[in-house]
Engineer: 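Take a look at the following structure, please.
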Amino acid sequence: MEPFVRSAGPSSESEERMRSVVDHVVDGIITINARGTVTPFTPAAERTFGYKAGEIIGKNVKALMPEPYHGEHDGYIANYLRTGRAKIIGIGREVIGQRKDGSTFPMELAISEFRLGEDRYFTGIVRDITERKRVEADLRDAAERMRSVVDHVVDGIITIDEHGGIESFNPAAQKIFGYERSEVIGRNVKLLMPEPYHAEHDGYIGNYVRTGHAKIIGIGREVTGRRKDGSVFPMELAVSEFHVGPRRYFTGIVRDITERKRLQEELQQ
């Protein structure tokens, strides 16, 4: 018996370590058999769904699902066992879960299959993504508000990449330069400049990227712009730099000061 006792010890310790890991992971882990009956139900699953393990083990897992998932689940398992055609097993997807209090929430679900002898089981890894969805919605709202501001400001706002390619061109910029957005996106911003700015622009960007020596970025100055019809006009230009990951971008705020210059000349006269 002594060798048997020694061999059982490490196995028991291994099982205990595994149980400790499973009990402390953030994601809920739920295992069901081929009939959909819940077997293990981890502490994280208890927190996610609001059920104690004793309340859900032995029940059909569809108790954790709102319609239409609730009504379709048993048929889905039966169809998979009959045909082997999986819609979610081994793939993972975003679905809706239902808590004990009846409230629903978005969750990520990844399902794997395993066998113990002749019996088939399915393990679902569940992650409540309510907070992530809230943050995503907040970011979308903030982006929409910012887009609304950019689209309605009087000043032109133009964003370019470090090669001078135009990335964004707001309605005010369209009005100032006479180009539609679709006509300039992807083209070099120097098409909005007369000489000598037109010929010098690419070299200026290249020099700044290489040396960090700025002549206008972060300063602002009065320059001359060129409209689609070839006419030129005085404008104020303020340029700022920002990064998205490793990529560098520049945003120019443009104000047509033709009318201001005309009034100044009249006052001087």
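In this chain, numbering begins with 1 at the start of the sequence shown.
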Engineer: Between Asn188 and Asp202, is any side-chain donor less than 3.5 angstrom from a side-chain acceptor?
Structural biologist: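 Yes.
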Engineer: Between the side chain of Thr37 and the main-chain N/O of Asn33, is any donor-acceptor distance below 3.5 Å?
Structural biologist: no
Engineer: Should Met65 and Phe49 be regarded as members of a common hydrophobic cluster, given that ILVMFWY residues are connected when their side-chain heavy atoms come within less than 4.5 Å of each other, either directly or indirectly?
Structural biologist: yes
Engineer: With salt bridge (charged side-chain N to carboxylate O under 4.0 Å, His left out) as the criterion, how do Arg134 and Asp138 come out once you've worked through the C-alpha distance, each side chain's angles and the decisive distance to 0.1 Å?
Structural biologist: CA-CA 6 Å; Arg134 185 192 66 76; Asp138 288 347; 2.6 Å; yes
Engineer: Salt bridge or not between Lys100 and Glu55? Use side-chain N to carboxylate O under 4.0 Å.
Structural biologist: yes
Engineer: Would you list the pairs meeting ring pair (Phe, Tyr, Trp, His ring centres under 6.0 Å) in which at least one residue belongs to residues 129-169, sequence neighbours left out?
Structural biologist: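 Counting only pairs at least two positions apart or across chains, no ring pair (Phe, Tyr, Trp, His ring centres under 6.0 Å) contact touches residues 129-169.
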Engineer: Considering all heavy atoms of both residues, which atom of Phe122 and which atom of Ala34 are nearest to each other, and what is their separation?
Structural biologist: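 Here Phe122 and Ala34 meet closest at CE1-CA, 4.2 Å.
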Engineer: Is it true that a side-chain atom of Thr42 and a backbone atom of Ile29 form a donor plus acceptor pair closer than 3.5 Å?
Structural biologist: yes
Engineer: Where is the tightest heavy-atom contact between Pro106 and Asp128, given as atom of each residue plus distance?
Structural biologist: O-OD1, 3.6 Å
Engineer: Looking at His243 and Arg248, would you say the former's side chain and the latter's main chain have a donor-acceptor pair under 3.5 Å?
Structural biologist: no
Engineer: First locate atom CZ of Arg127, then atom CG of Asp27, and finally report the distance between them rounded to the nearest 0.5 Å.
Structural biologist: 4.0 Å
Engineer: Any salt bridge between Arg262 and Glu265, counting N to O under 4.0 Å?
Structural biologist: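 The answer is no: the pair does not qualify as a salt bridge.
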Engineer: Quickly, which of Thr159, Val189, Asp161 forms a side-chain contact (heavy atoms from CB on, under 4.5 Å) with Ile166? Name it, please.
Structural biologist: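 So the option named by the test is Val189.
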Engineer: With a 3.5 Å distance limit and no angle check, can you tell me whether Thr48 reaches the backbone of Ala44 through a side-chain donor-acceptor pair?
Structural biologist: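 Between the backbone of Ala44 and the side chain of Thr48 there is a qualifying donor-acceptor contact (under 3.5 Å).
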Engineer: Could you check whether Arg132 pairs with Glu108 (Lys NZ or Arg NE/NH1/NH2 to Asp/Glu carboxylate O, under 4.0 Å)?
Structural biologist: yes
Engineer: Can a donor-acceptor pair be found, under 3.5 Å and without considering hydrogens, that links the side chain of Glu195 to the backbone of Ala199?
Structural biologist: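 Checking the backbone N and O of Ala199 against the side chain of Glu195, a donor-acceptor pair under 3.5 Å is found.
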Engineer: Flag yes if Tyr197 and Tyr179 sit in one hydrophobic cluster, no otherwise; membership is Ile, Leu, Val, Met, Phe, Trp, Tyr, and two members link when side-chain heavy atoms are under 4.5 Å apart.
Structural biologist: yes
Engineer: Do you see a donor-acceptor pair shorter than 3.5 Å between the side chains of Ser240 and Thr251?
Structural biologist: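 Judged by distance alone, the side chains do not pair up.
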Engineer: Tell me whether Leu237 is reachable from Tyr249 by hopping between hydrophobic residues (I, L, V, M, F, W, Y) whose side-chain heavy atoms are closer than 4.5 Å.
Structural biologist: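 Different hydrophobic clusters.
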Engineer: Examine Ile96 and Ile56 and state if one hydrophobic cluster contains both, with Ile, Leu, Val, Met, Phe, Trp and Tyr joined whenever side-chain heavy atoms are less than 4.5 Å apart.
Structural biologist: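 Yes.
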Engineer: At their closest point, which heavy atom of Val61 faces which heavy atom of His73, and how far apart are they?
Structural biologist: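 Heavy atoms only, the tightest pair is CG1-CE1, 3.2 Å.
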Engineer: State whether a side-chain donor-acceptor pair under 3.5 Å links Gln98 with Tyr69.
Structural biologist: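 Side-chain D/A pair, Gln98 to Tyr69: absent.
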Engineer: How far apart are the closest heavy atoms of Lys190 and His198, and which atoms are they?
Structural biologist: O-ND1, 2.8 Å
Engineer: Less than 4.0 Å between a side-chain N and a carboxylate O, is that true for Lys228 and Glu180?
Structural biologist: no
Engineer: Are Met235 and Thr224 close enough, and set up right, to give a side chain to side chain contact (heavy atoms under 4.5 Å, CB included), and what steps lead you there?
Structural biologist: CA-CA 6 Å; Met235 69 182 196; Thr224 302; over 6 Å; no
Engineer: Any side-chain donor paired with an acceptor under 3.5 Å for Thr39 and Thr31?
Structural biologist: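 Checked: Thr39/Thr31 side chains show no N/O donor-acceptor pair below 3.5 Å.
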Engineer: What is the minimum heavy-atom distance between Pro66 and Gly97, and which atoms define it?
Structural biologist: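 Taking Pro66 first and Gly97 second, the nearest heavy atoms are CD-C, 3.9 Å.
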Engineer: In the hydrophobic clustering that connects Ile, Leu, Val, Met, Phe, Trp and Tyr at side-chain heavy-atom distances below 4.5 Å, which members other than Phe114 occupy its cluster, ordered by chain and number?
Structural biologist: Leu116, Tyr121
Engineer: Is it possible for you to say whether Ile158 and Tyr204 belong to one hydrophobic cluster, with membership spreading through side-chain heavy-atom contacts below 4.5 Å?
Structural biologist: yes
Engineer: Working to the nearest 0.5 Å, report the span between CD1 of Ile77 and CZ of Arg120.
Structural biologist: 10.5 Å
Engineer: Compare every heavy atom of Glu183 with every heavy atom of Arg187, then report the nearest pair and how far apart it is.
Structural biologist: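 Distance-wise, the nearest heavy atoms are CD-O, 3.0 Å.
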Engineer: Excluding sequence neighbours, so at least two apart, what forms ring pair (Phe, Tyr, Trp, His ring centres under 6.0 Å) with Phe233?
Structural biologist: Phe177
Engineer: Whether the Glu162 and Tyr208 side chains hold a donor-acceptor pair (N or O, under 3.5 Å, no angle test) is what I'd like checked.
Structural biologist: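 Not at all, the side chains of Glu162 and Tyr208 share no donor-acceptor pair under 3.5 Å.
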Engineer: Keeping the roles fixed (side chain from Ser231, backbone from Arg227), state whether a donor-acceptor pair exists under 3.5 Å.
Structural biologist: no
